[in-house]
Amino acid sequence: MVPPSSSPSAAAGTPDATTPDSGGAPSSDAWRTEQLRTENAYVGGLYDRLETQRARAADRLREIHLQERGGTSQSRMERDTLEIHHTRRLAELYAAEYGLCFGRIETADGEQQYIGRIALADDDHEPLLTDWRASAAEPFYRATPAAPGGVTGRRHLRSKGRTVVDFDDDAFGVGALEGRESSELSGETALLASLTAARTGRMGDIVSTIQAEQDQVIRSGLSGVLVVQGGPGTGKTVVALHRAAYLLYTHRDRLARSGVLVIGPNTMFLRYIDQVLPALGESDVVLSSIGALYPGVTGSDTETPEAAAVKGDARMARVLADALADLRELPEESWTITVGRRSAHREELVIGRALCERAHAAAHRTGEPHNAARSALVERLTSELALRIARDRGGEMALDDVANLADALVDEPDVQAVVQRLWPPVSPERLLTTLFGSPELLAKAMPDFSAAERAALLRPQPDPEEEAAPWTTADVPLLDEAAELLGPLPGSAATRRAEAAAEAREREFAKLVLDDFGVGLVEMDAEMLARQYRGEEALRPLAERATEDRTWAFGHVIVDEAQELSPMAWRLLARRCPGRSMTIVGDLAQTGAPAGLGSWGEALDGYAAGRWRTVELTVNYRTPAEIMRVTEGVLRAVDPALAAPRAVREGGIRPWSLRIPADDPGPALRAAVAQEIAELDGRMAIIHAPGAPAELVDALAGLDGVAVADGPAALDSPVVLMTAAQSKGLEFDAVLVVEPADILAAHSRGANDLYVALTRATKRLGVVHSRELPEMLTGLDPR
């Protein structure tokens, strides 16, 4: 296959009498037709190569399966490893089907290079298509008229299925684009076409329209913490996801073993982005919210702002440690117990406070979590009691006999009762339930919190016969913190499930060893068996293994809407990424959570001091300039020092406001929504204040085509009813903001929430209100 045979100038878009951007006569239809023909010929050849690669991968998979059925000498482990490799490659080839090739560049010496989703080469290993993540593809994204970097021309291809239907050319180094305000944008026509297209309810990738400032963020180094600060519409989320794909491509050996964790603000957002990375051919990624990072628990969003603020406070780490210490009893002076009740050696023993303190000290010296350290306490307590009994009985007792006596004491009911009081086995759930249900324990563990703050955490102890109240998202970091203090609880349901799964895998592996090697386990070297077993376990999907394992250490963590995370949530994430390789994405102007950030240093100085850096995205690709002008006063109210990102386009539709009757707002509001739905081309969000009147919400939810944000149909419905917090990270063709004054008054960061609500639209913005508009909200055309 050879590149299109058009001349360098024509192919690259260099101005002449027949090409676009010439400033003279428009290009002829014949010229464009010929260009499309040659581009389709080349891209068609790429698809042929794609089919060949697919067939080879599929054939290799069939060979592997035949070898397994034929019982070849190749081990099952090797076959499974090969199967995973070729299955992953086949998935990558299928993921590249849509938009396989989306552009090319040309240099001054006439060399052409095509850019696409994956790399393809001919039978002689000559490159036909360059993977967008490869360093060789950087000029496609970085070249601008001011800094072409050796590129003389760039062509953006627009395809429908496998057919190239149109193209746009950028010329560099010849002054063709001189003086244009958005000359730093690559592929303006392709970019603006994607921005103005109707939203679908799912985020798509932007590999064909990545801009220069976005590309620099995507390709930034792996080490340390990269903070990407960017206002609404700057593409923070999609840049972060493409960064995940880039890092997995560039650092495959390191990250394929540990994976990448992507944290989003809520479940709806995760559904919104869940197709981006698979479309880029990446699967070693775990998508989660903070509320789902504790195995077996999915936190709800039913927390009061006051309780969420207290639970997110960094001081709660010490509170949990103090609450745990309060569960460990010590006698005022002594406890008396009876041992040997069913034997001839029935004895009463006095356990003094000093002995209990020595047993406590033995447990603390281990440095182990609470539940693991319990065995040291038991050993110290029973050993001292056994020695005392031996002395009381007189005569000499062999050390082995003393040890046997100590072992027997472990099973004595009274000794077990003492151990239970001294050092009770505790689960994270029990620790939090006990703390939140006891005003006395809250007062002892939280002396430097106010009475109102302690009261915000108080909730009744659950009835043993009733289901406990569900855990909230703010509880999850506390559960994780408690799990660090406590360690696994012996005999718990979760521990039994993990042990049963491990035993099943061990039995399966033993069978594989016998089948593949024809020897018993006793004949194998122990370390070799351990290595083999770890390899067998690694064959399970990474996302599955990482989700089940609370202690999993990820190679890289990406956090979207990071400004919302509390200090306790940051502690959790630091444990998930001990290497401190992170991409933190957010906008401090959009902080709405009660325990959210005021600065990035609040979160990072304690964990990555000197190892974090900040970049800023400054161009708003999503929100039209007319809408951004409406938000100027709101942004000043959030923080006068903040600057809004620059909008690159006018939408042509003026934002509007409509005042409705305050005494009976329902009918007028329904009419306004119905009118917007009738004029809708795409998807719309109706954003209201948290705690809006139920009858108003129910009236809107009852309209045809309207879904509520936490419902299963939210992403696929043309209209979604939600709060500003639920809309974070999402975008819609149209947005209707209901009662902005109520959004402002909902909590202390109401202005941040209003700023979020106003900046979700790509085309249309309307505001419906029954009272005077807030003074900060200007630039709306009254209806």
How close do [X] and [Y] get, heavy atom to heavy atom, and via which atoms?
X      : Y      : result
Val756 : Ala724 : CG1-O, 3.7 Å
Glu561 : Pro265 : CG-CG, 3.7 Å
Thr547 : Ala543 : OG1-O, 2.6 Å
Ala546 : Val286 : CB-CG2, 4.0 Å
Thr591 : Leu588 : OG1-O, 3.1 Å
Gln726 : Ala709 : OE1-CB, 3.4 Å

To the nearest 0.5 Å, tell me how far [X] [atom1] sits from [Y] [atom2].
X      : Y      : atom1 : atom2 : result
Ile290 : Leu565 : CD1   : CG    : 5.0 Å
Leu432 : Lys311 : CG    : NZ    : 7.5 Å
Cys577 : Met582 : SG    : CE    : 4.5 Å
Arg576 : Phe554 : CZ    : CZ    : 7.5 Å
Leu700 : Leu736 : CG    : CG    : 8.5 Å
Met268 : Leu715 : CE    : CG    : 4.5 Å

(request) Start with the C-alpha distance between Val476 and Trp471, add both sets of side-chain angles, then the distance that settles side-chain contact (heavy atoms from CB on, under 4.5 Å), and finish with yes or no. (result) CA-CA 7 Å; Val476 167; Trp471 298 107; 5.5 Å; no

Please confirm whether the backbone N or O of [Y] pairs with a side-chain atom of [X], one donor and one acceptor, at under 3.5 Å?
X      : Y      : answer
Arg764 : Leu680 : no
Arg783 : Trp656 : no
Glu616 : Gln229 : no
Thr631 : Met628 : yes
Ser566 : Ala569 : yes
Gln275 : Met203 : no
Glu626 : Arg654 : no
Asp475 : Thr472 : yes

For [X], does the [atom1] atom sit with more than 12 other heavy atoms under 6.0 Å from it, leaving out its own atoms?
X      : atom1 : value
Asp681 : CG    : no
Asp704 : CG    : no
Glu650 : CD    : yes

Is there side-chain contact between [X] and [Y], with at least one heavy-atom pair below 4.5 Å?
X      : Y      : result
Lys728 : Phe269 : no
Leu744 : Met776 : yes
Tyr755 : Leu642 : no
Pro232 : Arg622 : yes
Thr762 : Arg649 : yes
Glu481 : Met316 : no
Thr234 : Thr618 : no
Met684 : Pro718 : no

(request) Check the pair Asp284, Leu255 against side-chain contact (heavy atoms from CB on, under 4.5 Å), reporting the backbone distance first and the verdict last. (result) CA-CA 8 Å; Asp284 293 330; Leu255 295 182; over 6 Å; no

(request) Begin with the C-alpha distance, continue with both residues' side-chain angles, and end with the deciding distance and a verdict on side-chain contact (heavy atoms from CB on, under 4.5 Å) for Val719 and Glu676. (result) CA-CA 10 Å; Val719 184; Glu676 281 298 293; over 6 Å; no

salt_bridge([X], [Y]) N-O dist < 4.0 Å:
X      : Y      : result
Lys236 : Asp560 : no
Arg683 : Glu731 : no
Glu213 : Arg646 : no

(request) Please identify each residue that fulfils salt bridge (charged side-chain N to carboxylate O under 4.0 Å, His left out) with Glu772, with sequence neighbours left out. (result)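 Here the qualifying residues are Arg659.
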
(request) For Arg550, enumerate each residue passing the salt bridge (charged side-chain N to carboxylate O under 4.0 Å, His left out) test, keeping only those at least two apart in sequence or located in another chain. (result) Asp480, Glu484

(request) Please determine which of Leu293, Val585, Ile558 meets the side-chain contact (heavy atoms from CB on, under 4.5 Å) test together with Ile263. (result) Leu293

(message) When you compare the side chains of Arg243 and Thr583, does any donor N or O come within less than 3.5 Å of an acceptor on the partner?
(response)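 Indeed, the side chains of Arg243 and Thr583 share at least one donor-acceptor pair under 3.5 Å.
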
(request) Give a yes-or-no answer on whether the side chains of Thr473 and Asp301 include a donor-acceptor pair shorter than 3.5 Å. (result)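 Distance-only check passes for Thr473 and Asp301.
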
(message) Checking Trp570 against Ile584 for the side-chain contact (heavy atoms from CB on, under 4.5 Å) test, could you report, in this order, the C-alpha distance in whole Å, the side-chain angles of both residues, the deciding distance, and whether it holds?
(response) CA-CA 11 Å; Trp570 284 107; Ile584 306 303; 3.7 Å; yes

